[in-house]
Number of protein chains: 2
Amino acid sequence: MTIHRVLVVEDDHGLRDVLARGLREEQFEVLTAADGAGALRTIDDQIDAVVLDIGLPDSDGRDVCQAMRAAGLDMPVIFLTARDGLTSRLSGFSAGGDDYLAKPFHLAELAARVRAALRRAGREATTEVDGLLLDPVAHVLKTADGTQMPLTPTEFRLLASLMAAPGAVVRRHALVRSAWPEGAQVNDNTLDQYLRRLRRKLREAGCERGISTIRGVGYRFT
Amino acid sequence: MTIHRVLVVEDDHGLRDVLARGLREEQFEVLTAADGAGALRTIDDQIDAVVLDIGLPDSDGRDVCQAMRAAGLDMPVIFLTARDGLTSRLSGFSAGGDDYLAKPFHLAELAARVRAALRRAGREATTEVDGLLLDPVAHVLKTADGTQMPLTPTEFRLLASLMAAPGAVVRRHALVRSAWPEGAQVNDNTLDQYLRRLRRKLREAGCERGISTIRGVGYRFT
DNA sequence: CGAAGCGTTCAGGTTGTGTTCAGGCACGCC
DNA sequence: GGCGTGCCTGAACACAACCTGAACGCTTCG
């Protein structure tokens, strides 16, 4: 999993901490701000996404977003709204391909939305190894001859991890750590299956490179 | 294969933990610091490499690097820069750093870069004897003519132990201690078998050097 | 509702690694 | 030379690691 920088803007201290800690556990790098002014002070083009509470003490979250856009900052924004009603109004507004989430919500859902937004915005890093490239926007593997092979999210994370350091052995548990959420219990066989599917997709895409097994150690993309 | 000591300097707590844990799993000994001041307090000539965030709260990572150099510390530095900033790329190099890595990145890639930097700096994460090198990243034996010979984990540990001190005699029980877990009961003949297999693999790889027997004492890599 | 896609699990087969056994060769000592 | 010890060799074995094909539950989406 690649590491992204997320700014959380929320006035409630407790909630802000919960969000920050939760997103960190989901492998994000997290900055925080307590109000609109602080957000605009913190924000720059190194932020990959913003989680933005609509009801801020000093200003409306949407104004903050507009100020961002005016400053030429185009990263995705996930709005947090105080339950119901508002959401319908927001869906029409949806400025800049953003997303919204009504309180209360699950951390896992927020993390998923942030990821989805990053993907849509093309903020994921493209990995490329010798003509073979991994397109993070479309979640597709593109070969030199233009063939496109769709990948599932988990397949994508696994292959990205393998291609990040071509030729190097990646240990099994390192693969698990990079493709599954922190602390997930993953059956050995599950990983086997994914490698099997990845190898088949690579073969079907007519790719001469492949994943070799280093028995007792891990796998290597060659 | 000696263990290397890496200092990770990163202000974000979550990211720092992820990096530290990941590098430890890759067999590094990891120290951490949260800012430039802490880094300069921690650092000494026992550190083999530094992973240094450019954007630190109290100072620029490049200044930290320059301060290091001024103090006569010449270990390699891998800069972490916020997404593809070309400027930080260049100035990172002019500050005497060895490599850079743009966020977001994969752990496997960071580990590979740290190893590469150590190798370039002559701190040798890989064992090399006269064109024959044992590559722990790819987990293979590479000969001068480019042949790659895969090794099993135990073979790898044994050969590493022999190549660590070329020309010196390594006693049998010393070999056992370095290639098997502490307190393992190893049949004499088992070691014989491994030497046999190693010699054959060396021969098959077209290597003129070999392992000679010192009867009653041990073995020597010449 | 049904269909499709994704993640996961199960059962069974295959292979490589680590290990042991039986026997042979070579060296050193008497 | 006879003999023992240390090392080498070829073959065989057990078991874990890994691969494979098939199926199941779950969610999503039409």
Side-chain angles (χ1 to χ4, degrees), chain A residues 1 99 106 108-109 111-113 115-116 119 138-141 149-162 169-181 183-204 210-221, chain B residues 139-141 149-159 161-162 169-204 210-221:
Chain A
M1 199 56 207
D99 205 350
H106 287 283
E109 190 177 0
R113 301 254 188 153
R115 284 227 173 76
R119 195 157 55 239
H139 259 214
V140 156
L141 175 71
M149 177 61 70
L151 296 176
T152 75
T154 310
E155 284 168 358
F156 184 91
R157 290 191 295 268
L158 269 180
L159 188 53
S161 191
L162 283 166
V169 176
V170 186
R171 268 161 262 276
R172 270 179 147 256
H173 60 88
L175 281 177
V176 170
R177 283 243 331 253
S178 70
W180 275 268
Q185 289 291 76
V186 180
N187 192 327
D188 265 6
N189 206 356
T190 302
L191 182 58
D192 294 345
Q193 281 305 329
Y194 275 102
L195 284 159
R196 172 171 150 68
R197 290 174 191 180
L198 271 180
R199 288 205 246 236
R200 179 163 57 190
K201 287 198 175 180
L202 283 169
R203 215 178 322 121
E204 281 176 9
I211 299 163
S212 51
T213 306
I214 315 296
R215 184 172 266 257
V217 185
Y219 296 87
R220 185 177 47 177
F221 186 84
Chain B
H139 210 266
V140 289
L141 175 70
M149 177 61 70
L151 297 176
T152 76
T154 311
E155 284 168 357
F156 192 95
R157 289 190 297 269
L158 266 182
L159 188 53
S161 186
L162 282 166
V169 178
V170 186
R171 258 164 265 276
R172 284 187 134 248
H173 61 86
L175 282 176
V176 170
R177 247 182 308 153
S178 70
W180 273 268
E182 185 91 15
Q185 289 292 75
V186 181
N187 192 324
D188 264 7
N189 204 358
T190 301
L191 182 58
D192 295 344
Q193 282 302 331
Y194 274 102
L195 284 159
R196 170 171 150 67
R197 289 175 190 180
L198 271 180
R199 288 205 246 235
R200 179 164 56 188
K201 285 200 175 178
L202 283 170
R203 215 177 323 120
E204 280 177 9
I211 299 163
S212 52
T213 306
I214 316 298
R215 194 185 167 84
V217 184
Y219 298 87
R220 184 176 49 180
F221 187 83

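So you know, we letter chains A, B, ... as the sequences are listed, proteins then strands, and number each from 1.
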Trainee: Please check: side-chain N/O of A/R199 versus main-chain N/O of A/I211, any donor-acceptor pairing under 3.5 Å?
Mentor: yes
Trainee: Taking CG from A/D192 and P from C/dG16, how many angstroms apart are they, rounded to a whole number?
Mentor: 16 Å
Trainee: Under 4.0 Å between a side-chain N/O of A/R172 and OP1 or OP2 of D/dC18, yes or no?
Mentor: yes
Trainee: What's the OH-C1' distance between B/Y194 and C/dT17, to the nearest Å?
Mentor: 6 Å
Trainee: Is any side-chain N or O of A/T154 closer than 4.0 Å to OP1 or OP2 of C/dC6?
Mentor: no
Trainee: For the pair made of CG in B/L191 and C1' in C/dT20, what is the distance, rounded to whole Å?
Mentor: 14 Å
Trainee: Between CZ of A/R196 and CD of A/Q193, what distance do you get to the nearest 0.5 Å?
Mentor: 6.0 Å
Trainee: The side chain of A/T190 lies closest to which of these nucleotides: C/dT15, D/dG6, C/dT9?
Mentor: C/dT9
Trainee: Look at the side chain of A/P153 and decide which nucleotide, out of C/dT9, C/dG7, D/dC19, has an atom nearest to it.
Mentor: C/dG7
Trainee: Does B/W180 have a side-chain nitrogen or oxygen under 4.0 Å from the phosphate oxygens OP1 or OP2 of C/dT17?
Mentor: no
Trainee: Establish, with yes or no, whether the OP1 or OP2 oxygen of C/dT17 is under 4.0 angstrom from a side-chain nitrogen or oxygen of B/R197.
Mentor: no
Trainee: Any side-chain donor-acceptor pair under 3.5 Å between A/H173 and A/R177?
Mentor: no
Trainee: Can B/L191 and B/L158 be said to form a side-chain contact (heavy atoms from CB on, under 4.5 Å), step by step?
Mentor: CA-CA 9 Å; B/L191 182 58; B/L158 266 182; 4.1 Å; yes
Trainee: Rounded to whole Å, how long is the line connecting atom CZ of A/R200 with atom P of D/dC19?
Mentor: 14 Å
Trainee: Quick one: A/D188 CG to C/dC10 C1', roughly how many Å, whole number?
Mentor: 14 Å
Trainee: Go through D/dA17, C/dT8, D/dC19 for me and flag the one nearest to the A/R199 side chain.
Mentor: D/dC19
Trainee: How long is the line joining CG of A/L198 and P of D/dT20, in whole Å?
Mentor: 13 Å
Trainee: Could you tell me the separation between the CG atom of B/N189 and the C1' atom of D/dT5, rounded to a whole number of Å?
Mentor: 14 Å
Trainee: Flag yes if more than 12 heavy atoms outside A/Q185 fall under 6.0 Å of its CD atom; otherwise flag no.
Mentor: no
Trainee: From the options C/dG7, C/dC27, D/dG21, select the nucleotide whose nearest atom is closest to the side chain of A/R196.
Mentor: D/dG21
Trainee: Between P on D/dA22 and CD on A/Q193, what's the gap in Å once rounded to a whole number?
Mentor: 12 Å
Trainee: If the cut-off is 4.0 Å, is A/T152 near the phosphate of C/dG5, judged by side-chain N/O to OP1 or OP2?
Mentor: no
